[in-house]
Amino acid sequence: CEELAALLAEQPDDTSALRYLADLWDRLGAPLQAGPLLRRLGELASTSDERAEYGLRACMMFLAGDDIDTAQEVLDDVAPLAQRESVIELRVELARRRGDGRALSESLEQLAASSREPADRRAAILVAAERAASALGAAALALDRVRRAQRLSPGAADAVLEARRLEYKL
């Protein structure tokens with residue numbers, strides 16, 4: 001690590017050294033060391049695909065290191081370039097970490113709508129979105145989401161139970 005850091009001090013835009021050191025920090029369990037290096041790699045990337053890939057990885061590192069604000073900032077920068085589903089998955093995690101129920105509910109709904117996962121997995125995501133909406137007191141929205149989950153996966157026990165619970169409340 002020290003040799004690579006010294007090399008980067010002399011040549012801060014050496015992409016090979018940045019990539020290797022970022023991977024090394026990641027494997028050593030130091031995400032807040034890897035994050036800035038991945039972010040820099042994104043800035044130096046020659047294609048939008050590379051920029052998106054490094055940006056998403058940097059965001060994940062900052063999340064792993066509990067630097068939520070920097071993770072959000074990085075995600076906002078690369079969101080227009082990255083795969084929609086990957087961006088939404090990170091938005092879900094950011095909302096969870098922040099305790100933002102409204103953003104969590106909306107992001108989960110977006111994830112269920114844009115996901116290529118099987119119907120039962122998308123239904124489970126909608127049930128999670130329903131629970132987040134229900135926790136906010138948005139019973140009608142929660143019921144709509146759980147009913148959509150039931151249509152996706154009619155045999156999903158969670159969806160059936162949540163729908164009955166909400167119908168009883170309303």
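Owing to the predicted nature of the structure, the values given are computational and were not obtained by experimental measurement.
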Taking C-beta and beyond as the side chain, do T47 and E53 meet within less than 4.5 Å on heavy atoms?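 Not touching, per the 4.5 Å side-chain cut-off.
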Residue pair D77 / R39, side-chain heavy-atom distance below 4.5 Å: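 In short, these two side chains touch, coming nearer than 4.5 Å.
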So how far is it from [X] [atom1] to [Y] [atom2], rounded to the nearest 0.5 Å?
X    : Y    : atom1 : atom2 : value
E93  : L63  : CD    : CG    : 6.0 Å
D13  : L44  : CG    : CG    : 4.5 Å
Q83  : S114 : CD    : OG    : 10.0 Å
E130 : D158 : CD    : CG    : 9.5 Å
E109 : L104 : CD    : CG    : 11.5 Å
L32  : D66  : CG    : CG    : 8.0 Å

Ignoring hydrogens, what is the shortest heavy-atom contact between [X] and [Y]? Give both atom names and the distance.
X    : Y    : result
V160 : P154 : CG2-O, 3.9 Å
A123 : S153 : CB-CB, 3.7 Å
S107 : V92  : CB-CG2, 3.6 Å
L94  : A71  : CD2-CB, 4.0 Å
D26  : A34  : N-CB, 4.0 Å
L152 : A119 : O-CB, 3.4 Å

Apply side chain to side chain contact (heavy atoms under 4.5 Å, CB included) to L108 and L126, showing your working. CA-CA 7 Å; L108 284 166; L126 278 170; over 6 Å; no
Output yes when R148 and D144 qualify as a salt bridge under the 4.0 Å nitrogen-oxygen rule, no when they do not.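 Yes, R148 and D144 are salt-bridged.
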Any carboxylate oxygen within less than 4.0 angstrom of a Lys/Arg side-chain nitrogen, looking at E162 and R147? no
Go through it in stages, so that I can follow the logic: the residues are R131 and V127, the test is side chain to side chain contact (heavy atoms under 4.5 Å, CB included), and I'd like the CA-CA distance, side-chain angles, deciding distance and then a yes or no. CA-CA 6 Å; R131 287 181 177 144; V127 169; 3.7 Å; yes
Hydrophobic cluster identity match, [X] and [Y], side-chain contacts under 4.5 Å:
X    : Y   : answer
L18  : Y20 : yes
F62  : W25 : no
I125 : I88 : yes

Does the side chain of Y54 pick up a donor-acceptor pair with the side chain of R40 at under 3.5 Å? no
Should L111 and R84 be marked as a side chain to side chain contact (heavy atoms under 4.5 Å, CB included) after you check the CA-CA gap, both sets of side-chain angles, and the distance that decides it? CA-CA 9 Å; L111 183 59; R84 185 175 182 346; over 6 Å; no
Within the distance-only criterion (no hydrogens, no angle test), does the side chain of Q72 pair as donor or acceptor with the backbone N or O of I68 below 3.5 angstrom?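 Such a contact is absent between Q72 side chain and I68 backbone.
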Quick one: does R51's side chain have a donor or acceptor within less than 3.5 Å of a partner on A45's backbone? no
Stepwise salt bridge (charged side-chain N to carboxylate O under 4.0 Å, His left out) test for D69 and R98: CA-CA 10 Å; D69 292 334; R98 283 199 164 112; 3.0 Å; yes
R102, CZ atom: more than 12 neighbouring heavy atoms under 6.0 Å: no
Full working for side chain to side chain contact (heavy atoms under 4.5 Å, CB included) between E85 and S115: CA-CA 6 Å; E85 192 171 343; S115 177; 3.5 Å; yes
Applying side chain to side chain contact (heavy atoms under 4.5 Å, CB included) between M61 and each of L38, L37, L56, report the one that passes.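 With M61 as partner, L38, L37, L56 yield a single side chain to side chain contact (heavy atoms under 4.5 Å, CB included), made by L38.
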